[in-house]
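Just below is one structure, and these are the notes that go with it.
Whatever order the structure lists them in is the order used to number ligands and atoms, beginning at 1. The figures that follow rest on heavy atoms only: side chains count, while hydrogens, waters and symmetry mates do not.
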Amino acid sequence: MINFNVPPFSGKECEYIKQAIETHKICGDGQFTKKCSIWFKERFQAEKILLTTSGSSALDMAALLCDFQLGDEVILPSYTFSSTANAFVLGGYRLVFVDIRPDTMNIDETKIERAITDRTKVICVVHYAGVSCEMDTIMKIADQYNLFVVEDAAQGVMSTYKGKALGTIGDFGCYSFHETKNYSMGEGGAIVINRPEYVEKAEILREKGTNRSRFYRGQVDKYTWVNYGDSYLPSELNAAYLWAQLECAEDINENRLATWNCYDEAFRLLEKDGKLKCPTIPKGCIHNAHMYYIKCKDINERTKFIKHMERRGVSCVFHYIPLHTAPAGLKYGRFDGKDEYTTIESERLVRLPMYYNMSKEDRKTIIESVKDFYGT
Ligand SMILES: *Cc1c(COP(=O)(O)O)cnc(C)c1O
């Protein structure tokens, strides 16, 4: 069976984890966490990056940093993972879902403005499949209405929009290092703080509401409980695993892109014959090959497709059930305007196996199996 996902492994992980154990520093914010944060900060030219226990907890932090007041609303796509919405529900917000664009499956930037009310506080965008949303337009709207922008860039590590790293464009950016993402630490994530005036608040929030970070920097002579907070820092054992991958991030990226391009070349021919639909990468966007998906005619064809692939030993999956139709979505939010594409496009989409170091034979098996399904 060809797995849908294999967690990335570069070879140095065990050595680094052993190092963390031997230096008797396995709680958070040790040398590996530092190495990772500096790597991201320099490479992505970010103001501040803090590792977290997951992409979800990075989103939780972002929602808590947006100066919530009772009655506030967040605008977000319905086509996303539950974590995007959970963070804002836990923060007290009402959810306002907006339709997606069929070409990228990202929030439709032209439908955001009509969803804005006098209670809107945040626009939370999701860079689906590591392909950027139309950020110039979105940042302009946010500016005009004085809204925060949170980027759920869980899938977008190493992707760019007009030269800028995803996660560094809005006020806060969120990454995930779950084992299904391009760079992993098992469970983990990071928050990017792009506004210097929020750095201290974020550090306090992450360190159980204390000013421990200032204490370590020698800025105060004792540390104390100064605000509400939680524990969002990951163990050094996890950070050590991540560091091994950041050291060869370029190789992982190129390797995944090679597989992505191989799929794309083969399936563009089927698209030309009108058999399926391939992903669109808009101008100005450089993606990270987080995902390769195709779109079938409809949900029935997709069910047949997944069964066909399974018989060939290839595991393919679909996601997401639109959040506005889910029980929690009905409870905590509303859909603004017409659901023109969210439901219908979500029912067509199917993801093909994609991971670091996929073998050439497996790639070939997958491509041949798709071609067989479409009788070519
Ligand atoms: C993976 C993912 C998350 C959650 O990340 P975890 O690290 O699993 O908590 C959030 N949003 C999107 C879009 C994701 O793909």
Legend entry - Check: Trp260 ring centroid to His287 ring centroid under 6.0 Å: yes
Legend entry - Lys/Arg N to Asp/Glu carboxylate O, Asp336 vs Arg334, below 4.0 Å: yes
Inset, instruction - Salt-bridge test for Glu134 and Arg101: reply yes if a basic N is under 4.0 Å from a carboxylate O, no otherwise. - result: no
Inset, instruction - Report, in ascending order of atom number, the atoms of ligand 1 lying under 4.0 Å from any heavy atom of Ser54. - result: 7 (O), 9 (O)
Inset, instruction - Answer with yes or no whether Gly188 contacts ligand 1, where contact means a heavy atom under 4.0 Å from a ligand atom. - result: yes
Legend entry - Under 3.5 Å: N/O of Gly55 near N/O of ligand 1: yes
Inset, instruction - Taking the six-membered ring for Trp and the full ring for Phe, Tyr or His, determine whether the centres of Phe148 and Tyr93 are under 6.0 Å apart. - result: no
Inset, instruction - May I ask you to identify the nearest protein heavy atom to atom 5 (O) of ligand 1, giving residue, atom name and distance to one decimal place in Å? - result: Ser176 OG, 3.3 Å
Inset, instruction - Check whether any N or O atom of Ser56, backbone or side chain, sits under 3.5 Å from an N or O atom of ligand 1, and answer yes or no. - result: yes
Inset, instruction - For atom 3 (C) of ligand 1, find the nearest protein heavy atom and state the residue, atom name and distance (0.1 Å precision). - result: Phe81 CD2, 3.6 Å
Inset, instruction - State, yes or no, whether a side-chain contact exists between Phe305 and Glu310 at a heavy-atom distance under 4.5 Å. - result: no
Legend entry - Note: Asp29-Arg212 ion pair, threshold 4.0 Å (strictly below): no
Legend entry - Atoms in ligand 1 flagged as close to Val126, the criterion being non-hydrogen separation under 4.0 Å: 13 (C)
Legend entry - Ring centre gap for Tyr16 and Tyr241 strictly below 6.0 Å: no
Legend entry - Identity and distance of the protein heavy atom lying nearest atom 15 (O) of ligand 1: Gln155 NE2, 2.8 Å
Legend entry - Region of Glu187 engaging ligand 1 - heavy atom pairs below 4.0 Å: neither
Legend entry - Closest protein heavy atom to atom 13 (C) of ligand 1, given as residue, atom name and distance to 0.1 Å: Asp152 OD2, 3.5 Å
Inset, instruction - Specify the protein heavy atom at minimum distance from atom 1 (C) of ligand 1: its residue, its atom name, and the distance to 0.1 Å. - result: Lys181 NZ, 1.7 Å
Legend entry - Phe318 six-ring centre to Arg302 NZ/CZ under 6.0 Å and within 45° of normal: yes
